[in-house]
Amino acid sequence: MAKLEGCANCAKILLIVFNIIFFIVGIALLAVGIWVVTSPYNLDILAILDNPILESGAYLIIALGAFIFLVSFLGCCGAWTENRLMLIIYFIIVLLIFIAQLIGCAVIIAYKDKVDAFVTNNLRKTMNMYKGVQDEDKYSVGWNALQVLLECCGTNNYTDWMETPWYGNNTNIMVGGLSIKPEWPATCCKVDNNLAPVTDGGFPMPTNLTYCYGVGVSEMMRDEYLNTEGCYMAFEDWVKSRALYIGGVGLGLAFLEIFSMVFAICVCRGVGKSED
């Protein structure tokens with residue numbers, strides 16, 4: 001194997017460095033995906049959008065992280081051994097990843113205006129499938145998780161629950177010594193720690209259920225113990241905060257991909273010249 005010189009040798013070193021960074025990015029994606037999967041309520045909340053792609057999004061991020069991990073290893077090996085075949089395969093894979101990212105960005109931009117309607121419609125639709133705090137179907141668990149984690153109630157506000165089948169099917173319960181018909185789920189009530197992990201299928205206990213249901217107190221006092229704001233805006237902020245992490249990693253990847261492809265071509269050309 002002839003020794004590379006000049007720009008080709010410089011490109012080889014930079015390609016190895018960039019793939020080490022790729023390796024770190026892959027680990028970062030794995031960490032983000034695992035964090036989403038293991039953090040309280042994250043997957044439960046995504047489930048209420050009733051979209052299989054979104055529900056499995058965290059696992060796709062983990063798979064992408066593992067894939068990038070392997071691709072970076074291929075790039076390092078190809079550059080270190082100056083193997084043209086490995087470098088060509090590496091270039092093609094990185095190019096395909098880059099094109100897929102461009103398509104993904106284009107789709108997001110094209111459908112940006114439809115995202116709000118999609119979220120709102122799905123929140124309203126899945127509210128009608130809600131059964132109760134103790135139920136374990138994905139819609140009930142998802143809505144309970146959403147309201148506890150994001151400290152919200154209903155799609156637009158807490159009164160939305162009175163327009164759902166859940167409210168129509170409700171029976172009276174004893175709260176503060178009175179028999180009342182709940183107008184919103186107990187997960188709308190404020191809790192001491194909304195990030196407390198779920199235990200035995202239950203959610204954190206309300207700080208004061210009696211006051212949350214307005215028993216024996218004024219509306220102003222009730223609102224101190226009830227999350228009156230709707231979940232739509234809170235959910236949008238929640239998605240955006242996580243999209244920032246993914247978007248930041250995506251931009252970093254695009255930057256690395258462009259330079260990695262250029263350096264891979266330079267090394268290939270250098271290897272070809274040294275073999276002639």
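Position 1 is the first residue of the sequence, and the numbers go up from there. None of these values were measured; they are calculated from a predicted model.
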Exercise for the section: May I ask you to check if the distance between the SG atoms of Cys153 and Cys231 is under 2.5 Å? Expected result: no

Handout entry: Within one Ile-Leu-Val-Met-Phe-Trp-Tyr cluster: Met205 and Val141, side-chain cutoff 4.5 Å
Key = no

Can you give each donor-acceptor pair under 3.5 Å made by side-chain atoms of residues 63-71, sequence neighbours left out, with the distance rounded to 0.1 Å?
none

Which atom pairs, one a donor and one an acceptor, fall under 3.5 Å between side chains of residues 212-222 and the rest of the protein, sequence neighbours left out?
residue : atom : partner : partner atom : Å
Tyr213  : OH   : Trp184  : O            : 2.9
Tyr213  : OH   : Ala186  : N            : 3.3
Ser218  : OG   : Met221  : N            : 3.2
Arg222  : NH2  : Tyr158  : OH           : 3.0

Problem - Minimum-distance pair of heavy atoms, taken over all atoms of Asp137 and Lys131 - result: OD1-CD, 3.7 Å

Exercise for the section: State whether the side chain of Glu257 and the backbone N or O of Leu95 hold a donor-acceptor pair below 3.5 Å, judged by distance alone. Expected result: no

Handout entry: Atom pair CZ/SG of Phe18 and Cys76 - distance to nearest 0.5 Å
Key = 12.5 Å

Exercise for the section: Quick one: closest heavy-atom pair of Asn128 and Pro165, and the distance? Expected result: OD1-CD, 3.3 Å

Exercise for the section: Before giving the answer on side-chain contact (heavy atoms from CB on, under 4.5 Å), spell out for Asn227 and Cys189 the whole-Å C-alpha distance, their side-chain angles and the decisive distance to 0.1 Å. Expected result: CA-CA 6 Å; Asn227 296 311; Cys189 300; over 6 Å; no

Problem - Within one Ile-Leu-Val-Met-Phe-Trp-Tyr cluster: Tyr211 and Trp161, side-chain cutoff 4.5 Å - result: no

Practice task
Assess the side chains of Tyr130 and Asn144: does a donor N or O sit below 3.5 Å from an acceptor N or O?
Solution key: yes

Practice task
Ignoring hydrogens and angles, tell me if any N or O in the side chain of Asn83 forms a donor-acceptor pair with the backbone of Gly78 under 3.5 Å.
Solution key: no

Fill in the blank from the handout: Tightest non-hydrogen contact, residues Leu15 and Asn19, listed as O-ND2, 2.8 Å

Handout entry: Heavy-atom side-chain proximity of Lys125 to Asn122 below 4.5 angstrom
Key = yes

Problem - Same cluster (ILVMFWY, side-chain, under 4.5 Å), Val94 and Ile99 - result: yes

Problem - Geometric cation-pi criterion, Lys181 with Tyr167: 6.0 Å, 45° - result: yes

Practice task
Enter the distance from Glu82:CD to Asn9:CG here, rounded to the nearest 0.5 Å.
Solution key: 7.5 Å

Completion exercise
d(Thr164 OG1, Asn170 CG) to nearest 0.5 Å is 8.0 Å

Exercise for the section: Answer with yes or no whether the side chains of Thr207 and Asp192 bring together a donor and an acceptor at under 3.5 Å. Expected result: yes

Practice task
Any chance you could measure Met127, atom CE, to Asn156, atom CG, to the nearest 0.5 Å?
Solution key: 9.0 Å

Exercise for the section: Decide whether Tyr225 and Ile180 are clustered together by the hydrophobic rule: side chain heavy atoms of Ile, Leu, Val, Met, Phe, Trp, Tyr closer than 4.5 Å, transitively. Expected result: no

Exercise for the section: May I ask you to check whether Ser179 and Asn172 show a side-chain donor-acceptor distance below 3.5 Å? Expected result: yes

Problem - Trp143-Trp166 aromatic ring centre distance below 6.0 Å - result: no

Handout entry: Minimum side-chain heavy-atom gap Pro204-Asn193 below 4.5 Å
Key = no

Exercise for the section: Any chance you could measure Met86, atom CE, to Phe73, atom CZ, to the nearest 0.5 Å? Expected result: 7.5 Å

Fill in the blank from the handout: Asp223 and Thr228 have their tightest heavy-atom pair at OD1-CG2, 3.5 Å

Practice task
Please test Ile16 against Trp80 for side-chain contact (heavy atoms from CB on, under 4.5 Å), starting from the C-alpha separation and ending with a verdict.
Solution key: CA-CA 7 Å; Ile16 292 172; Trp80 183 261; 3.7 Å; yes

Handout entry: Over all atoms of both residues, closest heavy-atom pair of Cys188 and Leu226
Key = O-CD1, 3.6 Å

Practice task
Could you walk me through whether Cys77 and Tyr90 pass the side-chain contact (heavy atoms from CB on, under 4.5 Å) test, one step at a time?
Solution key: CA-CA 10 Å; Cys77 288; Tyr90 169 80; over 6 Å; no

Handout entry: In one Ile/Leu/Val/Met/Phe/Trp/Tyr side-chain cluster, 4.5 Å: Leu87, Leu85
Key = yes

Exercise for the section: Could you grab the distance from atom CZ of Phe91 to atom CG of Leu96, nearest 0.5 Å is fine? Expected result: 9.5 Å

